[in-house]
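Everything on this sheet refers to the single structure shown next.
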Amino acid sequence: MTPTVGSGHDMSEGTGMRTDAAALVKSKQRVVDHGEVFTPPWLVEEMLDRVGDDAERIDARVLEPACGSGNFLVAVLNRKLATVQARHSGSDFAKRHYALFALMCLYGIELLPDNADECRDNLADAFAVFLDVDDDDVWARAARAVLAANIVRGDALTMAAPDGKPITFAEWGYLGKGRFQRRDFLYENLTYRAAFEVEGSLFAGLGHALFTPSTTYPPLTVADLAELGGER
Ligand SMILES: C[S@@+](CC[C@H](N)C(=O)[O-])C[C@H]1O[C@@H](n2cnc3c(N)ncnc32)[C@H](O)[C@@H]1O
């Protein structure tokens with residue numbers, strides 16, 4: 001184990017993340033094979049400070065294409081949840097639904113299965129701490145279903161899952177009155193959307209395909225989501 005930054009075991013206050021050097025590198029081989037060096041929480045926070053509003057808005061969608069164990073995604077979730085607390089603490093119903101919606105707007109891709117699992121666990125823990133719920137609570141189980149869809153194991157460069165199939169992402173919406181919308185899109189189509197919007201784009205003729213979901217679900221309640229469980 002080669003320490004890279006800092007020394008001693010520590011927890012970064014309020015972030016729920018370890019700050020000690022051992023937490024930043026798992027093994028020399030993994031650094032060589034996968035460039036696996038995690039970003040320390042203090043640096044994550046400094047970088048997010050520069051992003052401003054988009055790191056705090058409940059409905060801002062954030063994708064980390066090499067998310068590791070979620071150092072950036074957990075920090076963004078905590079900022080979004082602070083916004084939920086500021087805006088919706090007067091209604092427990094609204095607070096819980098907007099907290100889940102905040103989680104729904106975070107996405108990650110990770111090559112290594114243990115990192116992908118840790119990322120889901122770290123996000124699930126931050127969410128459960130915020131709502132003060134146990135693992136078997138309906139909200140915790142709904143969060144697990146969301147994380148199973150949003151934190152994807154795969155290769156961000158080839159845009160493929162381990163089985164070779166194209167990566168898909170769920171686009172969630174909060175419809176109000178406790179109901180969520182889910183539509184799935186191919187990741188590669190989402191990446192072309194930005195180019196599509198450029199004038200004279202090569203992708204101009206593809207608009208319909210890029211905006212057509214691969215799957216559309218009926219409106220879902222938190223109980224529906226909890227029933228889906230955490231398996232992909
Ligand atoms: C430098 S680490 C950064 C992790 C995290 N973003 C952070 O800042 O703490 C890079 C991560 O990307 C993953 N990775 C490497 N190549 C990848 C690829 N082609 N697709 C998805 N993830 C990849 C590694 O397994 C590792 O977890």
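What's counted below: heavy atoms across the whole structure, side chains too, no hydrogens, waters or symmetry copies. Both ligands and their constituent atoms are indexed starting at 1 by order of listing. Keep in mind it's a predicted model, so treat the numbers as computed, not measured.
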With a 3.5 Å cut-off and sequence neighbours excluded, list the donor-acceptor pairs that the side chains of residues 132-140 form with protein atoms.
residue : atom : partner : partner atom : Å
Asp137  : OD1  : Trp139  : N            : 2.8

Pairing of Asp59 and Lys80 as salt bridge, 4.0 angstrom limit: no

Neighbour count >12 (heavy atoms, 6.0 Å) for atom CZ, Arg179: no

Electrostatic pair Arg30-Asp33, nearest N-O below 4.0 angstrom: no

Sidechain N-carboxylate O distance under 4.0 Å for Asp184, Arg182: yes

Arg50/Glu45 ion pair, N-O < 4.0 Å: no

Contact residues of ligand 1, where a non-hydrogen atom lies under 4.0 Å away: His34, Gly35, Glu36, Val37, Phe38, Thr39, Glu64, Pro65, Ala66, Cys67, Gly68, Asn71, Phe72, Glu110, Leu111, Leu112, Asn115, Gly154, Asp155, Ala156, Leu157

